[in-house]
Amino acid sequence: MVEKKSLNFIEQIIEEDLANGLDPKNLRFRFPPEPNGYLHIGHAASICLNFGLGEKYNAPVNLRFDDTNPAKEEQEYVDAIKRDVAWLGFKWDKELYSSDYFQQLYDWTVEIIKAGNAYVDLQSSEEIAKQKGTPTEPGVAGPYRDTPIDENLALFEKMKNGGFNEGEAILRAKIDMQHNNMHMRDPIMYRVLKKAHHRTGNDWVIYPMYDWTHGESDYLEQVTHSLCTLEFKSHRDLYEWYLAQVATTDNTQPKQREFARRNISYTVMSKRKLLQLVQENMVSGWDDPRMPTISGLRRRGYTPNSIRKFSEIAGISKRDNVTDVALLEFCIKDELNKTAPRVMAVLDPIKLIIDNYPADKEEILIAENNPEDETAGEREVPFSKELFIEREDFREQANKKFFRLKIGGEVRLKNAYIIKADSVEKDENGNITVVHCTADLDSRSGSGTEASQRRVKGTIHWVSSKHAVKTQVRLYDRLFKDEAPDSHKDIDFKQFINPNSLKTITALVEPSLLTSKPGDRFQFQRKGYFCADTNSTSNQLIFNRTVGLTDSWAKEEKKTAAPANDASYDTIIVLAGKHLKARNNDDRNSILSEIEPLATQVNKEVLATKLNDAIANKDVLAGLLTLKFTGITSPEEKAFIAKSLGMKNGSIKLEAINITITDAELLLENKTLLETILAEEKSPFIKEIIEKALT
RNA sequence: UGUCCCAUGGUGUAAUGGUAACACAGCGGUUUUUGGUACCGUCGUUCAAGGUUCGAGUCCUUGUGGGACAACCA
């Protein structure tokens with residue numbers, strides 16, 4: 001049976017071209033990074049698209065560095081990019097550089113000038129920008145637009161020979177200053193940059209711009225489909241215009257098509273912002289395991305397969321998107337579950353003494369390496385009287401939902417004995433220092449005895465005190481607290497940084513890990529997947545947490561521990577998000593009627609902390625919609641209203657204004673604030689409301 | 001007050017004029033020497049209004065909402 005897989009819209013375009021006579025042998029793609037930063041998971045989508053297409057159609061894919069700006073580009077980035085693409089498992093056909101085409105581009109340019117389609121402009125960038133107009137107003141011609149061809153040729157020659165300083169002269173294509181598309185209003189082809197280039201050194205002092213390079217590079221390489229992200233859509237006209245200047249009809253005409261960049265929740269995905277995190281030391285570097293860079297994910301413990309799988313199931317489209325990071329995590333958990341050896345590691349140790357086990361006895365127990373993989377084999381784990389177990393796995397008393405160790409209760413020590421807790425020792429502060437227990441000495445795992453077959457509800461992991469190895473463990477969490485930290489126009493994305501994104505602890509692990517090498521991946525049983533860090537050695541083991549295991553006990557605990565009203569407020573936040581997305585008042589009103597009963601249940605103390613933390617639009621709106629029904633009483637709530645009045649989002653501002661003007665006291669307190677808003681407000685609707693209230 | 005692009009469950013994507021589906025997340029359960037995995041179940045979707053058509057998520061019109069475009073960046 002043939003499974004028919006649906007095609008994404010890029011594949012459909014290719015199929016169409018093939019159907020229209022394009023020879024599949026001519027198919028060729030390229031991945032064109034600028035070497036000015038590290039590749040991230042968003043680039044991975046593009047890499048997987050292009051190289052995936054190459055594999056699917058058996059077509060070559062070039063790795064071409066788009067290196068036309070010597071000010072920003074460095075060899076370090078070239079090396080990192082090559083390493084990352086290769087690590088993902090892709091093989092490029094040719095390694096190429098746009099800078100290799102500088103001479104060809106120059107020669108073509110001279111022809112374009114001779115054809116009267118380009119001119120040298122000697123104005124300042126401010127003047128040029130001014131003449132360019134805006135997206136809503138057409139541009140006007142500058143004074144150099146009609147310079148005679150001979151003069152342009154001479155001036156361009158002078159540019160090339162260093163006769164102008166940076167900023168004094170540029171070469172422009174002569175297209176149409178009134179064009180709807182700003183990129184067509186006589187775009188810049190060359191600028192003077194007296195900087196050494198990482199490959200061409202000091203050969204050139206003029207450098208071509210992106211548009212006048214990219215399509216021509218595609219053409220020279222005979223790329224058929226030049227795929228890029230959506231923000232280049234409006235460059236397509238120019239791409240085609242330049243191509244028309246140089247292309248001959250017997251050659252393949254490359255085709256630019258655009259797809260949406262891949263965003264992931266709780267992180268940022270722009271090189272500029274990632275660079276900022278690196279430069280401002282908010283992370284340890286481009287390969288910090290919290291970074292969404294390929295190198296960061298690699299150090300975190302992600303595999304090439306998991307990233308390729310993610311790109312495949314996330315898909316390709318033209319819609320703005322924020323993919324749930326849980327999907328990425330699913331991909332790595334799914335793979336590691338099948339491949340990662342299991343080991344025992346205690347992250348937060350508490351001592352356990354088996355009172356009825358001989359003090360000098362040591363046993364070597366057998367443990368399965370991976371229950372999902374029979375070929376993974378077994379290993380030996382030492383056992384003795386004194387062990388460490390996870391602090392959270394013991395409670396003096398607990399209800400019957402807690403099926404770990406408690407006084408008088410039984411639990412299985414993984415791969416070892418069933419034990420029963422008897423008593424505890426405590427320090428002067430009342431903290432438990434030791435748990436005493438009794439083992440059922442007939443119950444050893446794998447011994448085959450009747451007692452060994454006994455079923456107890458809980459199984460916990462452990463390490464032998466004498467044999468335990470101290471290890472540094474880095475527990476990583478999401479870098480940002482907000483789903484889309486850079487989606488808030490008025491708030492800097494760094495405001496959302498999660499202060500607890502890294503917790504470094506000392507853990508105790510079983511001795512088998514002593515032989516682990518950097519990059520080795522393990523499942524620390526019941527805890528998560530961990531990867532030996534680049535700097536891990538047998539003298540100082542270091543493990544990075546890639547991702548935790550699904551923890552249904554934590555969920556259960558959260559349910560009972562959190563105040564009941566939390567759930568109401570969480571629902572209100574979700575509804576507030578919908579309210580922001582709603583496109584008509586009917587929808588908004590029905591959401592309000594859902595919120596009303598919930599709002600009255602919200603715990604005021606919970607609310608106070610939530611209001612204090614609210615930064616994102618939906619969190620602020622949730623607060624407002626709750627207060628709308630509960631009324632404003634505390635100083636915190638009043639402060640929150642004042643803060644909301646300052647938000648730029650229209651729905652939020654309107655809601656805040658409405659709440660303010662229906663409360664006489666609030667109205668009085670915020671009178672000057674409202675007057676300020678009135679002065680700056682553009683919406684006549686909002687102005688009218690404020691004016692009415694103020695009089 | 002311009003041009004272009006986009007709009008399908010909470011999220012990401014399918015459905016190519018013919019039964020709105022898959023995955024993740026959520027919720028409930030079964031199994032379990034990992035509260036993992038696996039398995040089963042469950043929740044929930046076509047922005048709006050008109051039009052074309054036997055039939056519209058898909059085509060057309062208008063509207064609404066979101067995004068891109070004014071670097072000597074790519």
Side-chain angles (χ1 to χ4, degrees), chain A residues 5-8 12 32-34 36 66-69 71-73 121 124-125 128-130 132-139 166-170 179-183 185 188 190-193 207 209-211 213-214 228 230-237 258 260 262 265 271-272 313-331 333-334 337-338 342 344 368 371-372 401-404 412-416 418 445-446 452 454-461 483 523-528 549-556 574 577-578 581-584 586-587:
Chain A
K5 226 181 143 257
S6 58
L7 303 175
N8 65 46
Q12 287 173 31
E34 182 190 11
N36 70 340
D66 230 329
D67 55 347
T68 58
N69 186 352
K72 294 205 283 186
E73 293 148 10
D121 197 324
S124 70
S125 59
I128 291 171
K130 216 163 127 195
K132 218 161 193 178
T134 69
T136 53
E137 301 157 48
E166 290 184 18
E168 285 179 358
I170 55 161
H179 204 286
N180 267 331
N181 185 342
M182 296 280 296
H183 297 286
R185 324 240 258 233
I188 297 171
Y190 278 95
R191 76 285 214 195
V192 175
L193 248 27
Y207 290 91
M209 299 288 288
Y210 164 83
D211 291 293
T213 302
H214 199 93
C228 60
L230 239 28
E231 66 267 28
F232 291 98
K233 176 67 213 285
S234 58
H235 293 241
R236 194 149 111 191
D237 287 342
E258 311 82 12
R262 172 77 36 210
S265 61
K271 272 198 244 178
R272 211 195 87 241
I313 53 184
I316 293 287
S317 74
K318 294 175 80 164
R319 297 153 45 174
D320 292 340
N321 60 78
V322 182
T323 305
D324 193 339
V325 67
L327 187 64
L328 217 208
E329 292 176 345
F330 163 77
C331 291
K333 282 194 276 190
D334 196 41
N337 175 49
K338 294 176 191 122
R342 272 59 169 170
M344 291 196 283
E368 215 180 358
E372 304 296 317
K401 274 193 168 171
F402 180 85
F403 38 89
R404 283 121 91 137
R412 159 80 63 185
L413 291 173
K414 179 85 184 163
N415 305 310
I418 293 170
S445 296
S452 74
R454 263 177 64 210
R455 293 172 138 187
V456 288
K457 186 70 178 158
T459 300
I460 63 174
H461 60 280
E483 269 176 22
Q523 186 196 88
F524 288 3
Q525 268 180 130
R526 305 209 299 133
K527 287 280 130 191
L549 255 29
T550 307
D551 191 345
S552 29
W553 167 242
K555 271 180 206 165
E556 182 66 34
V574 173
K578 286 189 180 179
K581 275 168 80 175
R583 296 163 186 119
N584 61 62
D586 283 352
D587 288 354

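So that the names make sense, note that chain A is the first sequence line, chain B the second, and so on, each numbered from 1. Since the model is a prediction, treat every value here as computed from it, not as a measurement.
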Does B:U37 have OP1 or OP2 under 4.0 Å away from a side-chain N or O of A:T550? yes
What I want to check is whether an N or O donor and acceptor connect the side chain of A:E372 with the base of B:G36 at under 3.5 Å. yes
Go through the N and O atoms of the side chain of A:R412 and the base of B:U33, and report whether any donor-acceptor pair is under 3.5 Å. yes
Closest nucleotide among B:C24, B:G12, B:C72 to the A:N321 side chain: B:G12
Would you mind reporting whether A:M182 and A:S234 have side-chain heavy atoms less than 4.5 Å apart? no
Using side-chain heavy atoms (C-beta onward) and a distance below 4.5 Å, is A:M209 in contact with A:T68? no
Centroid distance below 5.5 Å plus an interplanar angle below 30 degrees: do A:Y210 and B:A74 meet both conditions? no
Considering only heavy atoms from C-beta outward, does the side chain of A:K414 approach that of A:R526 to under 4.5 Å? no
Base, sugar-phosphate, or nothing for A:Y207, non-hydrogen atoms under 4.0 angstrom? nothing
Given B:G35, B:G36, B:C69, the nucleotide with the shortest approach to the side chain of A:N337: B:G36
Under 3.5 Å for both pairing distances: what stems, at least three Watson-Crick or G-U pairs long, include RNA chain B? B:2-7 with B:64-69, B:10-13 with B:21-24, B:26-30 with B:38-42, B:47-51 with B:59-63
Assign A:K401 to base, sugar-phosphate, or nothing according to its heavy-atom contacts below 4.0 angstrom with the strands shown. base
Write down the distance separating the C1' atoms in B:U45 and B:U13, rounded off to the nearest Å. 13 Å
Taking only nitrogen or oxygen atoms into account, show me every contact under 3.5 Å that the protein makes with nucleotides 66-68 of chain B, one pair per line with its distance.
from  : atom 1 : to     : atom 2 : distance (Å)
B:G67 : OP1    : A:K489 : NZ     : 3.4
B:G67 : O4'    : A:D320 : OD2    : 3.3

Nearest to side-chain heavy atoms of A:K457, which nucleotide of B:C6, B:G10, B:U32: B:U32
Could you check whether A:T213 gets within reach of a base, just the sugar-phosphate, or nothing at all, counting any heavy atom under 4.0 Å? nothing
Map A:K72 and A:K414 onto RNA chain B by nearest heavy atom, then report which one ends up closer to the 5' terminus. A:K414
Round to the nearest Å and state the distance from A:L327 atom CG to B:G12 atom C1'. 7 Å
Look for any protein N or O under 3.5 Å of an N or O in nucleotides 14-16 of chain B and output each such pair with its distance, or none.
from  : atom 1 : to     : atom 2 : distance (Å)
B:A14 : OP1    : A:I316 : O      : 3.3
B:A14 : O2'    : A:S6   : OG     : 3.3
B:U16 : O4     : A:Q12  : NE2    : 3.0

At less than 4.0 Å, is any side-chain N or O atom of A:R454 found next to OP1 or OP2 of B:U33? Yes or no. no
Run the ring pair (Phe, Tyr, Trp, His ring centres under 6.0 Å) check on A:F402 and A:W553 step by step: do they pass? CA-CA 8 Å; A:F402 180 85; A:W553 167 242; 5.7 Å; yes
Is the A:H235 ring parallel, tilted or perpendicular to the A:H183 ring (thresholds 30°, 60°)? tilted
Salt-bridge test for A:K338 and A:D334: reply yes if a basic N is under 4.0 Å from a carboxylate O, no otherwise. yes
Among B:G35, B:C24, B:C73, the one nearest any side-chain atom of A:F330 is B:C24
Does B:A70 have OP1 or OP2 under 4.0 Å away from a side-chain N or O of A:T136? no
Phosphate contact (B:U34 OP1 or OP2) by A:R404 side-chain N/O below 4.0 Å: no
Does OP1 or OP2 of B:C27 have a side-chain N or O of A:K555 closer than 4.0 Å? yes
Specify the residue among A:G446 and A:H214 whose closest nucleotide of RNA chain B lies further upstream toward the 5′ end. A:G446
Given B:A23, B:U33, B:G35, identify the nucleotide with an atom nearest to the side chain of A:S552. B:G35
How is A:F402 classified with respect to the nucleic acid when contacts are heavy atoms under 4.0 Å: base, sugar-phosphate, or nothing? base
Under 4.0 angstrom between A:T323 side-chain N/O and B:U13 OP1 or OP2: no
Step by step, work out the side chain to side chain contact (heavy atoms under 4.5 Å, CB included) result for A:E372 and A:R342. CA-CA 10 Å; A:E372 304 296 317; A:R342 272 59 169 170; 3.8 Å; yes
Among the candidates B:U32, B:U34, B:G10, find the nucleotide nearest to the side-chain atoms of A:R342. B:U34
